[in-house]
There are 2 protein chains.
Amino acid sequence: MMKALVNKKSSEQASETEISVNHQKLIDATIETIAKRGLADTTIAHVAKRAKVSQGYANFRFKSKDNLLISSLQYLSDEYKKSWQKIFEEKNIDPIDRIIRIIQNDFSSKIANRNKISVWIAFYSEVKFRPSYLAICQRQDEIYSQQMEKLVSEINKIANQKEFTPKEVSETYHSMVDGLWQRILFDPKIYTNEFCKNLVLKYFKSIYVNEDRFA
Amino acid sequence: MMKALVNKKSSEQASETEISVNHQKLIDATIETIAKRGLADTTIAHVAKRAKVSQGYANFRFKSKDNLLISSLQYLSDEYKKSWQKIFEEKNIDPIDRIIRIIQNDFSSKIANRNKISVWIAFYSEVKFRPSYLAICQRQDEIYSQQMEKLVSEINKIANQKEFTPKEVSETYHSMVDGLWQRILFDPKIYTNEFCKNLVLKYFKSIYVNEDRFA
DNA sequence: ATAAAAATTGAATGATTATTCAATACAAAA
DNA sequence: TTTTGTATTGAATAATCATTCAATTTTTAT
């Protein structure tokens, strides 16, 4: 049958590349399948078909369905972390501009689209029962919260804002994002990415009254 | 075997009561099972065992598993709607006090406890794939949003607040509640009901700066 | 070109689980 | 008590699905 080989340099490298290609094809197919059919109706057979490999191979490649699901969640988490770490690594950027970049990222079409949100919520709903899901989600949250609170405290200082603590602002933002993502799934007509982003900006406007960039 | 009969007045009434008792026992058991094991691992056998009826009976009583799940979601939705409608029906109450009552209700232990939140999120995660779940959730949201926006517009008038529209405030609140419920599930140590309630009150404080009741 | 190794297939297996239904237990009526 | 109708059981059924693995195809090395 057809081969998915892309790179043939040396034996080992070709093998590595090939493995990577199928690995990623299966993860992508898993995410798409969950988004299209829901986690409850996501079977190895569906994923394999979408990835255009045999059912047996999908299982062989990832050892188990559970492992495939965890790998897919980890992939999403890494993707999110990367896009967001990039913003925190930028130098010579004003804290307020940085937080605006964060907000834009959280509601960019790459991050906040119906496919990916479906998958996040599917995993969230099982977090309580799967320690491995919980670990991935919590690890992400932790770093996020830390850096976010630090950023807010800088902004508070600049804006001479004392009424709302960094923790409060950070938590409020975080819960708004989670809530809005959920609502994008419910009713995408009303909850466009633009609408959500503006709602969050307005929240910051209510905290930092004199800062025009949030308007 | 044992009978669950509670009321024996007349033939028909006894029958009615008995039906209700088992009906509710099964719905309660479904909610508890989803909360304890997750939706993915909720089988008729588990529910029946918890409700102390036979597996065959559980299925017979509700026609299908799907129907039992929908009935359970409807029950939760009704329960929420009732507690919240009661607040809106109260007469001689200031709009600000009313919205504070709403917030207290949304984070009361009766509504915002881990069992019930697990179930909500489990259903949310399938909403995209089950029109019947979506219908129940949307119907609830609609009434909620309408009444909430009206309430906020009254408060805006009193507070002479023009920067934030009723829709914006209502949507922000709504998404915060959804987001915070999710976080109660993740990390109940940090996200106590009290913590969440105060976070929301602080948000309102940022909008209605001169209103001390939100402090 | 041929052999050896690795990748991939797909059909069989076994476990799980919703659903059915014949048999039984129970309550009400006679 | 006996009969009749209803409620409830629990074991059998059938469908679904993850997982396994012997057979096949493809790739690499000689």
Side-chain angles (χ1 to χ4, degrees), chain A residues 1-26 29-30 33-34 37-72 126 129-130 132, chain B residues 1-26 29-30 33-34 37-72 126 129-130 132:
Chain A
M1 278 231 146
M2 261 193 50
K3 283 283 57 207
L5 200 50
V6 167
N7 187 328
K8 300 194 186 189
K9 285 174 198 166
S10 83
S11 157
E12 272 173 51
Q13 278 215 359
S15 182
E16 274 298 304
T17 307
E18 185 163 11
I19 283 170
S20 288
V21 168
N22 276 344
H23 189 94
Q24 193 56 42
K25 269 206 300 187
L26 279 163
T30 304
T33 304
I34 295 173
R37 321 181 60 105
L39 188 55
D41 204 29
T42 290
T43 66
I44 293 261
H46 289 137
V47 172
K49 193 176 179 188
R50 191 177 277 269
K52 289 178 180 153
V53 299
S54 70
Q55 180 172 352
Y57 183 72
N59 202 78
F60 164 81
R61 190 65 190 72
F62 278 87
K63 297 282 228 319
S64 70
K65 183 189 179 184
D66 201 49
N67 194 37
L68 173 58
L69 292 176
I70 290 167
S71 301
S72 303
E126 289 288 310
F129 315 103
R130 312 254 177 170
S132 43
Chain B
M1 278 236 147
M2 262 193 50
K3 284 281 59 209
L5 199 52
V6 168
N7 186 328
K8 300 194 185 192
K9 284 174 198 168
S10 82
S11 157
E12 272 174 53
Q13 277 215 356
S15 182
E16 274 299 304
T17 307
E18 184 163 9
I19 283 170
S20 289
V21 167
N22 277 344
H23 188 95
Q24 193 57 41
K25 269 207 299 188
L26 278 164
T30 303
T33 304
I34 294 173
R37 318 182 61 105
L39 188 54
D41 204 30
T42 291
T43 66
I44 294 260
H46 290 138
V47 172
K49 193 176 180 189
R50 191 177 276 268
K52 289 178 180 153
V53 299
S54 71
Q55 181 173 351
Y57 182 72
N59 203 79
F60 164 81
R61 190 64 191 71
F62 278 88
K63 295 283 229 318
S64 71
K65 183 191 180 185
D66 200 50
N67 194 37
L68 173 57
L69 292 176
I70 290 168
S71 301
S72 302
E126 290 287 311
F129 316 102
R130 312 254 176 170
S132 43

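The model shown is predicted, which means the values in this text are computed figures rather than measured ones. So that the names make sense, note that chain A is the first sequence line, chain B the second, and so on, each numbered from 1.
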Atom [atom1] of [X] to atom [atom2] of [N]: distance rounded to whole Å?
{"X": "B:Asn67", "N": "C:dT19", "atom1": "CG", "atom2": "C1'", "result": "14 Å"}
{"X": "A:Lys63", "N": "D:dC21", "atom1": "NZ", "atom2": "P", "result": "14 Å"}
{"X": "A:Arg37", "N": "D:dT16", "atom1": "CZ", "atom2": "P", "result": "12 Å"}
{"X": "B:Phe60", "N": "D:dA7", "atom1": "CZ", "atom2": "P", "result": "7 Å"}
{"X": "A:Lys49", "N": "C:dG10", "atom1": "NZ", "atom2": "P", "result": "13 Å"}
{"X": "A:Phe62", "N": "D:dC17", "atom1": "CZ", "atom2": "P", "result": "21 Å"}
{"X": "A:Tyr57", "N": "C:dG10", "atom1": "OH", "atom2": "P", "result": "14 Å"}
{"X": "A:Arg61", "N": "D:dC21", "atom1": "CZ", "atom2": "P", "result": "19 Å"}

Check: Should we count CZ of A:Phe60 as having more than 12 external heavy atoms under 6.0 Å?
Finding: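 Atom CZ in A:Phe60 is not packed in, count stays at 12 or less.
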Next item on the list: Assess whether atom NZ of A:Lys49 is packed by more than 12 heavy atoms of other residues, nucleotides or ligands within 6.0 Å.
Entry: no
Item checked: Full working for side chain to side chain contact (heavy atoms under 4.5 Å, CB included) between A:Leu69 and A:Arg130 -> CA-CA 11 Å; A:Leu69 292 176; A:Arg130 312 254 177 170; 5.7 Å; no
Next item on the list: Please list, chain by chain and in numerical order, all residues satisfying side-chain hydrogen bond (donor to acceptor under 3.5 Å, both in side chains) with B:Ser54, sequence neighbours excluded.
Entry: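 Checked B:Ser54 against side-chain hydrogen bond (donor to acceptor under 3.5 Å, both in side chains); zero matches.
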Could you write out each protein N or O paired with an N or O of nucleotides 11-15 of chain C at a distance under 3.5 Å?
none

Notebook entry, point to check: Counting side-chain heavy atoms from C-beta on, which of D:dG10, D:dT19, C:dT19 comes nearest to B:Ser54?
Noted result: D:dG10
Side chain to side chain contact (heavy atoms under 4.5 Å, CB included) with [X]: which residues, sequence neighbours excluded?
{"X": "A:Ala45", "answer": "A:Thr43, A:Gln55"}
{"X": "A:Phe62", "answer": "A:His23, A:Leu26, A:Ile27, A:Asn67, A:Leu68, A:Ser71"}
{"X": "A:Thr33", "answer": "A:Arg37, A:Thr42, A:His46, A:Val47, A:Arg50"}

Item checked: DNA chain C contacts made by residues 38-46 of chain A, counting heavy atoms under 4.0 Å ->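 None, since no heavy atom is under 4.0 Å.
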Notebook entry, point to check: So, for B:Glu126 and B:Leu39, which heavy atoms are closest and what is the spacing to 0.1 Å?
Noted result: CG-CD2, 4.1 Å
Check: Does B:Asn59 make a side-chain N or O approach to OP1 or OP2 of D:dT8 shorter than 4.0 Å?
Finding: no
Notebook entry, point to check: Counting just side-chain N and O atoms, does A:Asn22 come under 4.0 Å of either OP1 or OP2 of C:dT8?
Noted result: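 For A:Asn22, the contact criterion (side-chain N or O under 4.0 Å from OP1 or OP2 of C:dT8) is met.
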Notebook entry, point to check: CG of B:Asp66 to CD1 of B:Ile70: how many Å apart, nearest 0.5 Å?
Noted result: 4.5 Å
